[in-house]
Amino acid sequence: MSLLTHLRRLEAESIHIIREVAAEAENPVMLYSIGKDSSVMLHLAMKAFYPARPPFPLLHVDTTWKFRDMITFRDQLAARLGLDLLVHINQDGVAQGVGPFTHGSATHTDIMKTEALKQALDKYKFDVAFGGARRDEEKSRAKERIFSFRTAQHRWDPKNQRPELWSLYNTRKHKGESIRAFPISNWTELDIWQYIYLEKIEMVPLYFAAERPVVERDGGLIMVDDDRIPLRDGEEPMLKKVRFRTLGCYPLTGAIESEADTLSKIIQETLLSSSSERQGRVIDHDQSASMEKKKQEGYF
Amino acid sequence: MAHQDALIAQDIEAYLRAQEQKSMLRFITCGSVDDGKSTLIGRLLFEAKLIYEDQLAALQADSKRVGTQGGDIDFALLVDGLAAEREQGITIDVAYRFFSTEKRKFIVADTPGHEQYTRNMATGASTADLAVVMIDARKGVLTQTRRHSLIVSMLGVRHVVLCVNKMDLVDYDPAVFHRIQNKYLSFAASLGFKDIAAVPVSALRGDNITERSEATPWHDGPVLMPYLETLSVDEEEQAAPFRMAVQLVNRPNLDFRGFAGRIGSGSIAPGAKVKALPSGKESTIDRIVTFEGDLEDAVAGQSVTLTLADEIDISRGDVICEAGAPVETSDQFKTTLLWMSEQEMLPGRSYAFKLGTATGLAQLAEPKYKINVNTGEHMAAATLNLNEIGVCNVALDREIAFEPYAQNRELGGFILIDRLTNETVGLGLIDFALRRATNIHRQALDIDKSDRAQLKGHKPLVLWFTGLSGSGKSTIANIVEKRLHKLGKHTYTLDGDNVRHGLNRDLGFTDADRVENIRRVGEVAKLMADAGLIVLVSFISPFRAEREMARSMVGDGEFWEVHVDTPLKVAEARDVKGLYAKARSGELKNFTGIDSPYEEPDSPEIRVNTVETSAEEAAEQILVKLRELGVLSG
């Protein structure tokens, strides 16, 4: 009798969580961000309901500043899997011309991501939204529940979270309240990469090193993904072999110089790397404990 | 992981293949910060190279600034990020840490803080395979050591590592270590642990953490990390009979009907005979369906979809078992409860109940006793408060498939939820089913409610009048009954004051007694409605939960809530019985509206306002409704 490996245990736990949501939620949705964690979560959802398709749509909150490669990948994947993909853009934000260069990363993220997500959840009246957050991502996430409760105003009330015993989840809520469910809470970054490797999960090309036009800015490398980036004096886009460790809005996501153009090389690089994952994300550096604050405001 | 860097650099593919074979262990650390718990976790993360250079640089800076270790790295700072949040009043029940070695991935449940400790530890222990019990070598076995061990034992943790820490501060004296070890072993003998490994360590200096320390040549027992890496913990669940709680029925088209769930124990293969409970129907496994293709067998821990050879009715909440060794079913249990809410437990109130994938309503009896977590002593108790553990009978509104918790955590552990606040208020462990439930079977009777209704010429109904004392409930109920009687309808009125002189004369006015008061009246009203009567219940019934309980007992279509809506100041001004005056003077305690709450109905079937409407008019409104809805014709 074979005992299960750690990846198979994690997989089984995540599938269990995804099915619990499907069984108990009235109108669930899976938040799909196109990144590696989302890709794993979606893959697990495909497994959970096989031979049926997942009984919920995907929701992508498009800030209009995502890498073009991400959008292409998203649309092709949804079509290939036959999934219902909802894309929501905060049109008020678009009308006001909100963007990271004009308004700064904090305001841009707040309006085009956090506000947009709330708009979408209200519009479709989703009561449970799957998210791909992991507990190892950041110190303050270590204590996050798998089922996280939000008030009718989408706020995370730290005092009103429920103890989670065994794999029993209390999913009861009042009208208007909602739940974020995190099925890959117990996965680490390394688990994610190993699983992608093991399962041959398709990834956005941006994770793989390639020649891309970048500029050096504030100690990081920012990709010139389109002509909306205002070049500063002396900045000249140059081709460098780079890749991304995390994906977000292109002006807010730093590239790293890399030769890793295959999955195993990426894992090799990650394992031997000497800096933690979120370094590439400008958003975390805005202020300390910023994740916690964003969560209270409804970012996740 | 550090020594694997060479392999990673040279042959990443070989490394990844080796990684795929890792197993997983979940453990909980018990002890306070003073015992060096955070230092130990920090040390394990460090040894597993889970700390990146940028984190290490920050850690070194922090250690110099606020650390307690002079110039050395203070590992506790790695995991103490939660302290600040605790000061902000954020509830942290458990923080989870992750690290992995070349053999295993570890998930550590860390339960910070002293307050809420019982509840937090229980939460962390519920998913743990093993407990690391920390003891400060200078202090030895303390009251808290006993408390921690009792809780992890109760939650079914069967493997313990006793870490006698700070050995450096007692000069690595073997006598100190052995004294603590022996004391712990004799105290823990009754707790049912399968194995207890004692390790002398210094988390700070790294003694006996990953490698055998030269400072303890006398120690012939295990070293912490190698022990955690190799201990086998899931043999029992693999060897137990097959059980799977059904999460959902997968029905993509008419040709496929699969039952999805995670296998709780045992193993299964196509052709195996299975039984579904509580229905008791049997069939044979046809296929084990997964995304990767059908499996030849599947084992505990795997999430699968099963199809059966026969079309038998199975739904969420049912358990599929090995036919030759099925689980039991029952609706009444002796249980051990841990109360997790600031609102004390109310015996008699019905709470939402969840076990495995089954849900229902549970009524709790008064505790038989509560358990002192420091001494294990039994004490008398009328209720359970936050963090208290007690033994209590629980009655469900339906039969469920279960196993005693000691045999099966998944089918023996349940949570209780407050139906109004939706808060998780308690956890419970099934000890065994009560014989009275197994032996008392409901008798099916040939004459039913509809036969009786036909004879009487009207439908049965419970009109439940709720409102403050002096609101006019009894006056209006009395008029309604007189009018119905005149029309030749069969009625009966249950009046709060009258019932308290007889059936409920043993009850007072505490919250718990009020709940029991309503439960009994609800049962009586249900019997009378079953006998075909129109029952008028006139009770203050101040709590929503109990009115909802009465509604669920009687059945939705036959229960009408009538809210006699009179503002407190009007009722108090009337003070027909002089009770408000007594309550205001303090002569009468627990009086609804004064020092005991009244929870207004959210959406009663009928609301009558006795300020603008007379009692006669209110009664007329009710009769009009009864006619409209066809209650008065058979």
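Order of the sequence lines sets the chain letters (A, B, ...), proteins ahead of strands, with each chain counted from 1.
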Colleague: Using heavy-atom distances under 4.5 Å, tell me whether A300(B) contacts chain A through its side chain, its backbone, both, or neither.
Modeller: backbone
Colleague: Of the backbone (N, CA, C, O) and the side chain (C-beta and beyond), which part of E423(B) lies under 4.5 Å from a heavy atom of chain A, both, or neither?
Modeller: backbone
Colleague: Is K47(A) salt-bridged to E292(B), cutoff N-O under 4.0 Å?
Modeller: yes
Colleague: Between L355(B) and chain A, with a heavy-atom cut-off of 4.5 Å, which part of the residue counts as in contact: side chain, backbone, both or neither?
Modeller: backbone
Colleague: Do you see a donor-acceptor pair shorter than 3.5 Å between the side chains of E13(B) and Y197(A)?
Modeller: yes
Colleague: Side chain, backbone, both or neither: which part of T357(B) has a heavy atom under 4.5 Å from chain A?
Modeller: side chain
Colleague: Select one option (side chain, backbone, both, neither) describing which atoms of F256(B) are under 4.5 Å from chain A's heavy atoms.
Modeller: side chain
Colleague: Counting only non-hydrogen atoms closer than 4.5 Å, does T123(B) touch chain A with its backbone (N, CA, C, O), its side chain (CB onward), both, or neither?
Modeller: both
Colleague: Quick check for you: among Q302(B), E410(B), R316(B), which has the greatest number of heavy-atom pairs under 4.5 Å with chain A?
Modeller: R316(B)
Colleague: Identify which part of L248(B) has an atom lying under 4.5 Å from any heavy atom of chain A, answering side chain, backbone, both or neither.
Modeller: side chain
Colleague: Please look at L420(B) and chain A and tell me whether the side chain, the backbone, both or neither of the residue comes under 4.5 angstrom of a heavy atom of that chain.
Modeller: backbone
Colleague: Considering only heavy atoms, which portion of V249(B) lies under 4.5 Å from any heavy atom of chain A: side chain, backbone, both, or neither?
Modeller: neither
